[in-house]
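Report on one structure; see the data block that follows.
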Amino acid sequence: MVSAESEIWVTGMSWSTALGASIDGVWQSLLKGVSGIVDMDTTVALRSNYGAPIKAIPEDWPPQQRQHTLTVDVLSRALHDAGIAADHPELLPVMATSYGSHLDQPGFGSLEKWSLAVTESLDCQNEPITITTACSAGSDAIQVGVDLLRSGFASLCVCGGADVLSLGKRIGHSGLGTLSPSHQLRAFDSKNVGTLLGEGAAFLVLEHGEHARARGARGHGIILGAGSANDAANAVAPESSGANVILAVDRALSAAGRSPSDVAVINAHGSGTSLNDIVESRAYSKLFK
């Protein structure tokens with residue numbers, strides 16, 4: 001079991017989605033079946049023109065500017081929710097993206113330029129750790145934050161990710177044949193025909209329970225365990241048995257001192273692509289009998 005001394009509290013959180021930035025508002029929209037998917041303009045022929053952009057950011061801004069603005073806004077709101085100043089000397093940002101705006105910017109350089117620009121504009125005292133692991137980047141940022149806290153390397157982290165829709169990303173998925181030609185994403189459905197891309201950002205402020213209690217912070221929740229795995233089977237597709245998913249979940253449960261029977265909710269990838277859905281279905285069917 002996780003000891004009280006190693007509890008990782010979530011003391012701040014925020015997001016921005018195609019359905020808005022209010023946590024309660026987005027939840028109510030989802031319950032009502034509201035969708036942020038729209039038919040988007042494009043200058044080239046794609047498998048699908050559908051996507052879920054954030055309406056609060058001007059579409060005519062270049063991708064780099066859109067991602068910077070989005071990240072600054074959401075990260076700032078997470079810190080505000082936690083009652084932490086951006087220039088807090090203990091704060092370590094752990095920031096994630098897949099490719100974001102960078103596919104559309106030849107010569108832009110490493111992804112660290114994005115995270116450094118964000119943290120410098122907010123006057124953060126510590127340079128960020130930058131993570132890019134495709135679709136899992138944001139989740140991996142949270143796990144890295146948990147590991148940093150539990151190892152004693154950090155006492156306060158803000159962890160999360162941001163991505164924007166760009167023409168380069170849409171062309172890439174169209175070329176792979178993974179975009180759904182329909183405006184519906186049919187995850188775990190026999191009629192699934194592909195995924196739909198959206199944009200957004202989300203950040204959590206993580207700290208040790210004793211650290212949070214000492215400053216009188218409230219806790220939104222506690223992270224008990226985290227786990228990850230990489231089968232290295234293919235650059236763009238998972239190994240089909242689902243063993244990689246099982247290993248990641250087993251590691252998370254082991255770290256938390258929990259069993260599959262303790263799990264009430266599974267937040268699946270649910271990409272709507274045939275192989276991904278098969279892999280997840282196989283894994284979860286084995287894990288949660």
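Here the structure is a predicted model, which means the values were calculated and not measured.
- Each of Leu196 and Leu176 belongs to its own hydrophobic cluster when Ile, Leu, Val, Met, Phe, Trp and Tyr are linked at side-chain heavy-atom distances under 4.5 angstrom.
- Listed here is the closest heavy atom pair of Ala162 and Thr71: CB-OG1, 3.2 Å.
- Between the side chains of Ser151 and Asp147, not a single donor N or O lies within less than 3.5 Å of an accepting N or O.
- A salt bridge links Asp163 with Lys169: at least one charged nitrogen is closer than 4.0 Å to a carboxylate oxygen.
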Query - Working for side-chain hydrogen bond (donor to acceptor under 3.5 Å, both in side chains), residues Ser182 and Ser180 - result: CA-CA 5 Å; Ser182 165; Ser180 169; 4.6 Å; no
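- Cluster membership for Leu116 and Val164, using ILVMFWY side-chain heavy atoms within less than 4.5 angstrom, is not shared.
- Between Ile8 and Glu207 there is no side-chain heavy-atom pair separated by less than 4.5 Å.
- Put simply, the side chain of Trp61 reaches to within 4.5 Å of the side chain of Thr69, judged on heavy atoms.
- You'll find the side chain of Asp140 stays beyond 4.5 Å of the side chain of Ile142, heavy atoms only.
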Query - Step-by-step side-chain contact (heavy atoms from CB on, under 4.5 Å) determination, Thr273 to Asn192 - result: CA-CA 6 Å; Thr273 55; Asn192 61 3; over 6 Å; no
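- When hydrophobic residues (I, L, V, M, F, W, Y) are linked wherever their side-chain heavy atoms come within less than 4.5 Å, Val193 remains an isolated member.
- Cluster partners of Leu247 are absent, since no Ile, Leu, Val, Met, Phe, Trp or Tyr has side-chain heavy atoms less than 4.5 Å from it.
- To the nearest 0.5 Å, the span separating CG on Asn276 from OG on Ser240 amounts to 11.5 Å.
- Pairs passing the salt bridge (charged side-chain N to carboxylate O under 4.0 Å, His left out) check and including a residue from residues 54-76, sequence neighbours excluded, read Arg66-Glu199, Asp73-Arg77.
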Requested in this report: Take Met40 and Arg170 through the test side-chain contact (heavy atoms from CB on, under 4.5 Å) and record every step on the way to the result.
Outcome: CA-CA 11 Å; Met40 301 177 64; Arg170 296 169 69 196; 3.9 Å; yes
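- Cluster membership for Tyr50 and Leu179, using ILVMFWY side-chain heavy atoms within less than 4.5 angstrom, is not shared.
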Query raised in the report: What do the steps show when you test Trp114 against Met95 for side-chain contact (heavy atoms from CB on, under 4.5 Å), and what is the final call?
Result: CA-CA 9 Å; Trp114 154 73; Met95 301 171 60; 3.9 Å; yes
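- Across Ala18 and Pro53, no two heavy atoms sit closer than the pair CB-O, 3.4 Å.
- Contact of the Gln184 side chain with the Lys191 side chain is not registered, since no non-hydrogen atoms from C-beta on lie closer than 4.5 Å.
- Looking only at side-chain heavy atoms (C-beta outward), Cys157 and Leu149 come within less than 4.5 Å of each other.
- With hydrophobic clusters built from ILVMFWY side chains whose heavy atoms lie under 4.5 angstrom apart, Leu91 does not share a cluster with Leu148.
- Taking a 4.5 Å side-chain heavy-atom cut-off between Ile, Leu, Val, Met, Phe, Trp and Tyr, the cluster of Val263 extends to Val245, Ile246, Val249, Leu253, Ile266, Leu275, Val279, Tyr284, Leu287, Phe288.
- The CD atom of Gln67 lies 11.0 Å from the CG atom of Leu165; values are rounded to the nearest 0.5 Å.
- Rounding to the nearest 0.5 Å places CD1 of Ile23 at 7.0 Å from OG of Ser14.
- Judged by distance alone, the side chain of Thr11 and the main-chain N or O of Gly219 form no donor-acceptor pair under 3.5 Å.
- Distance OG/Ser98 to CD1/Ile131: 13.0 Å, rounded to 0.5 Å.
- With sequence neighbours left out, Arg218 forms a salt bridge (Lys or Arg N to Asp or Glu O under 4.0 Å) with Asp81.
- Contact record, Pro238 with Asn244: CB-ND2, 4.1 Å, taken as the closest heavy-atom pair.
- Interatomic distance, CD1 of Ile37 versus NE2 of His183, reported as 7.5 Å (0.5 Å rounding).
- Taking every heavy atom of both residues into account, Ala201 and Leu70 meet most closely at CB-CG, 3.8 Å.
- Among all heavy-atom pairs drawn from Phe188 and Gly270, the shortest one is CE1-CA, 3.8 Å.
- The closest side-chain heavy-atom distance from His269 to Glu280 is below 4.5 Å.
- Minimum heavy-atom separation, Asp277 to Gly272: OD1-N, 3.2 Å.
- In the hydrophobic clustering of this structure, Leu122 groups with Val158; members are Ile, Leu, Val, Met, Phe, Trp, Tyr whose side-chain heavy atoms approach within less than 4.5 Å, directly or through other members.
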Requested in this report: Decide yes or no on side-chain hydrogen bond (donor to acceptor under 3.5 Å, both in side chains) for Thr133 and Ser136, but give the supporting numbers first.
Outcome: CA-CA 6 Å; Thr133 50; Ser136 66; 3.2 Å; yes
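- Considering only heavy atoms from C-beta on, Val94 stays 4.5 Å or farther from Pro128 through its side chain.
- Inter-residue side-chain proximity for His68 and Val72 is flagged as met; some heavy-atom pair is nearer than 4.5 Å.
- A distance-only check finds no donor-acceptor pair linking the side chain of Thr178 to the backbone of Gly194 [under 3.5 Å].
- Chaining together hydrophobic side chains whose heavy atoms lie under 4.5 Å apart places Leu46 alongside Val44, Leu167, Ile171.
- Under the 3.5 Å distance criterion, with hydrogens and angles disregarded, no donor-acceptor pair is assigned to the side chains of Thr97 and Thr132.
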Requested in this report: Given side-chain contact (heavy atoms from CB on, under 4.5 Å), test Leu92 with Phe153 step by step and report yes or no.
Outcome: CA-CA 10 Å; Leu92 178 58; Phe153 185 87; 4.0 Å; yes
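- With rounding to the nearest 0.5 Å, the separation of OG in Ser76 from CZ in Phe203 is 9.5 Å.
- At a cut-off of 3.5 Å, with distance as the only test, a side-chain donor of Glu90 or Ser155 sits close to an acceptor on the other residue.
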